[in-house]
Amino acid sequence: MSNIVSITDGKPVTTSMAIAEGVGNPHASVIRLIREHRADFEEFGLLDFKSESTKGRPVEYALLNEHQATLLMTYMRNND
């Protein structure tokens, strides 16, 4: 992983893919968690979904602001 956080419009953002990789969880379970709690995430701003092609298959991921990323971490189960 090259960058966990990037600056977009002067604000720090990260992706659901970066968080999944950082904590060692499958991205599919992380994106599912975001979708299940979408309304909660949207309390902290627009929930922006993007798509990127990797190895020929498009992968959907969420672009998260700092508060949304923090919320995601609190919703994730504790792991090492």
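Heads up: numbering here begins at 1 and tracks the sequence. None of the values given here were measured: they were computed from a predicted structure. Hydrogens, waters and symmetry mates play no part in the numbers below; they use all other heavy atoms, side chains included.
Under the rule for a side-chain hydrogen bond (donor to acceptor under 3.5 Å, both in side chains), Glu66 has no partner lying at least two apart in sequence or in another chain.
Residues Ile7 and Pro12 approach most closely at CD1-CA, 3.9 Å, considering heavy atoms. Looking at every heavy atom in both residues, Pro58 comes nearest to Ser51 through CB-OG, 3.6 Å. Taking every heavy atom of both residues into account, Ile34 and Ala62 meet most closely at CD1-CB, 3.9 Å.
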What do the steps show when you test His37 against Tyr75 for ring pair (Phe, Tyr, Trp, His ring centres under 6.0 Å), and what is the final call? CA-CA 9 Å; His37 299 281; Tyr75 282 163; 4.3 Å; yes
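In this structure, Arg35 satisfies the cation-pi test against Phe49, with its NZ or CZ atom closer than 6.0 Å to the six-membered ring centre and inside 45 degrees of the ring normal.
We find the CG-CG distance between Leu72 and Asp40 to be 11.5 Å, quoted to the nearest 0.5 Å. With values rounded to the nearest 0.5 angstrom, Ser16 atom OG is found 8.0 Å from Glu60 atom CD. In this structure, NE2 in His27 is found 9.5 Å from OH in Tyr61, a value given to the nearest 0.5 Å.
The pair Asp48-Lys50 meets the salt-bridge criterion, with a side-chain N (NZ, NE, NH1 or NH2) lying under 4.0 Å from an Asp/Glu carboxylate O. With respect to Arg38 and Glu42, a salt bridge is recorded, a charged nitrogen being found less than 4.0 Å from a carboxylate O.
Between Val23 and Met73, the closest side-chain pair of non-hydrogen atoms falls below 4.5 Å. Under the 4.5 Å side-chain criterion, counting only non-hydrogen atoms from C-beta, Leu64 is in contact with Leu47.
The hydrophobic clustering, which links ILVMFWY residues whose side-chain heavy atoms are closer than 4.5 Å, places Val13 and Phe44 apart. Linking ILVMFWY side-chain heavy atoms closer than 4.5 Å, directly or via other members, places Phe41 and Ile31 in a single hydrophobic cluster. In terms of hydrophobic clustering, with Ile, Leu, Val, Met, Phe, Trp and Tyr side chains grouped at heavy-atom distances under 4.5 Å, Met17 and Leu63 are assigned to different clusters.
Using modelled atom types, one side-chain atom of Gln68 and one backbone atom of Asn65 make a donor-acceptor pair closer than 3.5 Å.
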